**Q** 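First the structure, which I've put down as structure tokens, then a few questions once you've had a look.
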Amino acid sequence: PPCAGSDTSPPQESAAVCDDGLRERCRILEERVGTLEQLLRDTLDALPERSDCCSHACVASHGGTHSESVSQLTAGKTLAPCPRPGDKVMDSADEELGEALPGDGFKPQSDSGTSTDFVQHVRVRCEDLCQEVRLHKSVWDASLLIGCPQLTLWDSLFLMICFVLNVLVLITFLGITFTLFTKQRFTLELQQRFEDWRINFGHSVKYYDHITLTSLTQRVCAMDKSEPEMSSRSTELLRQIKTYVGDNALFNGPALVRVALLLWGLTVVSDLSQCWDLSRVFRALPKTAVTVIQRTSSSSIKLSSIGAGRLRWMWCVLLLRVSSSVFLWELGNQFLCYHSISSSEILLNAVALEIVLNIDEATYCLLPWRVKSIIGKMEPLPAPSRAPFHRAADHRSCIFMSSIVATVVIAQIVGISHVQDAVVQLNATLCGGTQDFVYSTDAFNLVYVSKTNPDEHPPEKIDEYGHTKAINETIYPEAIPRCSGCVKPQQMAFTFEVAPLEQVKKRISWDVIEASAGLQALAGVECEDAIGLSPELQRFWNESVDALQVYGNVEQVRSCADIEPWCMHFDKARASCPETCGCASPLGGVFLSTAIYGCPEACKNTDRYLERLAALPCVEPAPSDLAIDTTWRRWSEQFAEKVAAMFEASPDVRPCDDCAQTFRTLGCGIVKYWVNAIPGTLSARVDPCAGIWLEDWPQVRPLAATCPESCGCMPDGDTP
């Protein structure tokens, strides 16, 4: 504006006064502009100390340096705001990655407060993209300081030794894991071993349990009482197989392996993420001839720049670290899939892998105190963010997440599914098929097979039988009940005064014939009801009442008459009470009246038996009379059960459909019917009159005493 000089002043004097006033005003304006420029320069120069992203993402995006940006501001030009994450970031050497978010440019005002607002605006927008990385307390990160002048020679040497030790431990573990723990354990060889065990031991009659009426295979597969007869390692393996297979697909062994793989993958990705951040730090640090470490305060140290040689060294360290982590990731996946199927071991293996991966942090405790002090006081290092390739997700997160999912899926396809199939096959090999049989062989290796529970006693009731309680009472004598007037407790187990050990040993090899004779001998008889003669035997039957209710309702056993309903079902009932069960009579109530079924062999030679046989007429009853006879009807029921057992393997050739009804209606005609019904040459080897209904089956009650005419018995005087 024109000078406001005096109208009376000469023109020259007025011009001089005007020039002096204008220069003074210009000087003041220049000072203010200079102050603003310096403020902006100081502010922008200070931002890289916190994060280099500002100079890279904000200043460089405007195509110039800090000074050029300040010149634009002071010239009154508009400067676009600093981009947010997802905004377009322009670099002099980069192509455009996306469209910038719209924003109001900043136009400087003369008000100093506006400049402060701009600085805060730039700082907030830049900090959205900034990330600071701290060095971790690990040998990997501490290796950055090897050879630094801040360390003594011994510090650097010891740091290098710890670094080499860390690498050697990782290499050793990788080698051991690859050699020993990544192979498939459940192979065809192991399956063949299981098959051999089952053939040689699982069904051998040598390992038959007379107490539980089970084969060794049954006890092993039920995980019950098998440890003394099978190695603990095999037993534990079977437990692991059953737990691994499981019944619930969501909570079985393979599901646990998948969870362990996921956790292991997250652990490795955490380590790889640290490597990723350090790589960004090394790219962002200023490059100088030597590494510069400055003290910024009494409690902090700053890595200002990194030398070229140290940078190459750290890139080698990062490459080694990433390689070891990736290899360990893969070997760890195989380790978790193949090494064990035990739930506890799978979890422990996952924890062990994490310990090995973090061995660098454990080794850190061995480093010199100067190294630890520098690492602890080191300020965070700038790690400039890169623009994401998609607005919705960061590329690093996408890569790591995809890697974890891919490893779990590949492990499921390549490892877990194969192990699961092999384990299922092993379980089928050991416990599949028929378990409830035992076999023996003769001198010609011919095989003889029998059911383990031929009388089909309910398995859940076996432990309630008297023999189990008798053994428990021997273990805990205080459990034996005492009776009033008894000299000693009334125990169930039998004892011997003379040669007790020899007496016990020889009874383990007794068959039913010898055992029935031995039971009668304990009572001092040969073919008489023994329950009333032996308190031990009476207690035995009373303790078994609850388990045997399914075969007949008996409340208490006081004599043999009380167990008469059980005579049709139990060998020991016939051996205990041969008179009540009909063993001592030619027309007794049990069809299975021979010694092999518990009737004492001496019964057929007693005077009582022979007298009853001699008193029988030589005339057989009519079929209609036998059909309503109580004894004949009981024989028919037992006959039907026996025939069903005879032809269990080939029911299509069974001579009768309803054998009980056939037996009742035909009467003594069953003799001829049976001989004609047996196919082929087998009919020549059967003789129902002598109790031989099938050649390979034990003899039962002969029908000659009841059917003398059908059996061709000729009278000799008045006796058949």
Side-chain angles (χ1 to χ4, degrees), residues 455 510-538 540-541 544 548 551-552 554 557-621 626 629-639 641-642 668 687-693 698-708 711 713 718-720:
D455 295 326
W510 280 1
D511 57 14
V512 175
I513 299 175
E514 294 171 311
S516 61
L519 189 153
Q520 289 286 307
L522 289 173
V525 294
E526 291 184 346
C527 184
E528 296 183 17
D529 291 347
I531 287 183
L533 304 176
S534 172
E536 295 91 345
L537 189 59
Q538 183 175 356
F540 176 88
W541 283 108
S544 303
L548 303 178
Y551 300 106
V554 177
V557 178
R558 291 175 293 269
S559 65
C560 283
D562 295 320
I563 70 167
E564 195 270 339
W566 298 340
C567 290
M568 296 173 57
H569 305 285
F570 298 107
D571 298 345
K572 49 181 167 284
R574 294 185 281 269
S576 301
C577 303
E579 181 68 32
T580 299
C581 292
C583 298
S585 172
L587 302 180
V590 291
F591 192 68
L592 308 178
S593 63
T594 54
I596 196 65
Y597 293 108
C599 285
E601 196 169 23
C603 289
K604 293 183 179 180
N605 299 321
T606 61
D607 294 339
R608 185 171 59 257
Y609 184 89
L610 295 176
E611 291 174 358
R612 292 171 179 172
L613 181 62
L616 294 175
C618 197
V619 178
E620 62 188 35
L626 289 176
D629 183 75
T630 303
T631 300
W632 188 263
R633 293 181 67 86
R634 294 180 65 180
W635 285 6
S636 67
E637 295 173 1
Q638 297 173 66
F639 169 76
E641 294 178 2
K642 192 64 179 177
C668 288
D687 186 4
C689 295
I692 303 174
W693 295 83
Q699 182 184 13
V700 294
R701 182 176 293 279
L703 293 185
T706 306
C707 305
C711 292
C713 298
D718 295 330
T719 61

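This one's a predicted model, so the numbers in the text were calculated from it and none came from an experiment.
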**Q** If you take all heavy atoms of A584 and R612, which pair is closest and at what distance?
**A** O-NH1, 3.0 Å

**Q** Looking at residues at least two apart in the chain, or sitting in another chain, which of them share a side-chain hydrogen bond (donor to acceptor under 3.5 Å, both in side chains) with R633?
**A** none

**Q** Which distance, rounded to the nearest 0.5 Å, do you find between the OG of S636 and the CG of L626?
**A**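 CG of L626 is found 10.5 Å from OG of S636.
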
**Q** Would C711 and C689 count as a disulfide pair, i.e. SG atoms separated by less than 2.5 Å?
**A** yes

**Q** Could you go through L616 and L587, starting from their C-alpha distance and side-chain angles, then the distance that decides it, and tell me whether this counts as side chain to side chain contact (heavy atoms under 4.5 Å, CB included)?
**A** CA-CA 10 Å; L616 294 175; L587 302 180; 3.5 Å; yes

**Q** Between side-chain atoms of residues 521-530 and protein atoms elsewhere (two or more places apart, or another chain), which donor-acceptor pairs fall under 3.5 Å?
**A**
{"from": "D529", "atom 1": "OD1", "to": "E579", "atom 2": "N", "distance (Å)": "3.1"}
{"from": "D529", "atom 1": "OD1", "to": "T580", "atom 2": "N", "distance (Å)": "3.2"}
{"from": "D529", "atom 1": "OD2", "to": "T580", "atom 2": "OG1", "distance (Å)": "2.6"}

**Q** Heavy-atom distance under 4.5 Å between the side chains of S516 and D571, does that happen here?
**A**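 No, their side chains stay 4.5 Å or more apart.
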
**Q** My understanding is that only residues two or more places apart in sequence, or in another chain, count here; which of them pass side-chain hydrogen bond (donor to acceptor under 3.5 Å, both in side chains) with S544?
**A** none

**Q** Return the set of residues passing salt bridge (Lys or Arg N to Asp or Glu O under 4.0 Å) with E564 (not counting sequence neighbours), or none when no residue passes.
**A**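 Residues passing salt bridge (Lys or Arg N to Asp or Glu O under 4.0 Å) with E564: R634.
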
**Q** Suppose we screen for side chain to side chain contact (heavy atoms under 4.5 Å, CB included). Which residues come up paired with D607, at least two apart in sequence or across chains?
**A** E611

**Q** SG to SG, are C583 and C603 under 2.5 angstrom apart?
**A**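 Disulfide absent: SG-SG distance not under 2.5 Å.
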
**Q** Among all residues two or more places apart in sequence or in another chain, which pass the side-chain hydrogen bond (donor to acceptor under 3.5 Å, both in side chains) test with Q520?
**A** none

**Q** Can you measure from CG (L537) to SG (C560) and round to the nearest 0.5 angstrom?
**A** 7.5 Å

**Q** Start with the C-alpha distance between C581 and C567, add both sets of side-chain angles, then the distance that settles disulfide bond (SG atoms under 2.5 Å apart), and finish with yes or no.
**A** CA-CA 5 Å; C581 292; C567 290; 2.0 Å; yes

**Q** Please verify the inter-ring angle class for W693 with F591; under 30° counts as parallel, over 60° as perpendicular, anything in between as tilted.
**A**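 Rings of W693 and F591: tilted, 30 to 60°.
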
**Q** By side-chain hydrogen bond (donor to acceptor under 3.5 Å, both in side chains), which residues pair with W541, not counting sequence neighbours?
**A**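 Partners of W541 by the side-chain hydrogen bond (donor to acceptor under 3.5 Å, both in side chains) criterion, ordered by chain and then number, come out as S576.
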
**Q** Show me the donor-acceptor pairs within less than 3.5 Å that the side chains of residues 593-602 make with the rest of the protein, sequence neighbours left out.
**A**
{"from": "T594", "atom 1": "OG1", "to": "Q699", "atom 2": "O", "distance (Å)": "2.5"}
{"from": "Y597", "atom 1": "OH", "to": "K642", "atom 2": "NZ", "distance (Å)": "2.3"}

**Q** Under 30°, 30 to 60°, or over 60°: which ring-plane class applies to W632 and W635, parallel, tilted or perpendicular?
**A** tilted

**Q** Which pair of non-hydrogen atoms, one from Q638 and one from M568, has the smallest distance, and what is that distance?
**A**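 Of all heavy-atom pairs spanning Q638 and M568, the closest is CG-CE, 3.5 Å.
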
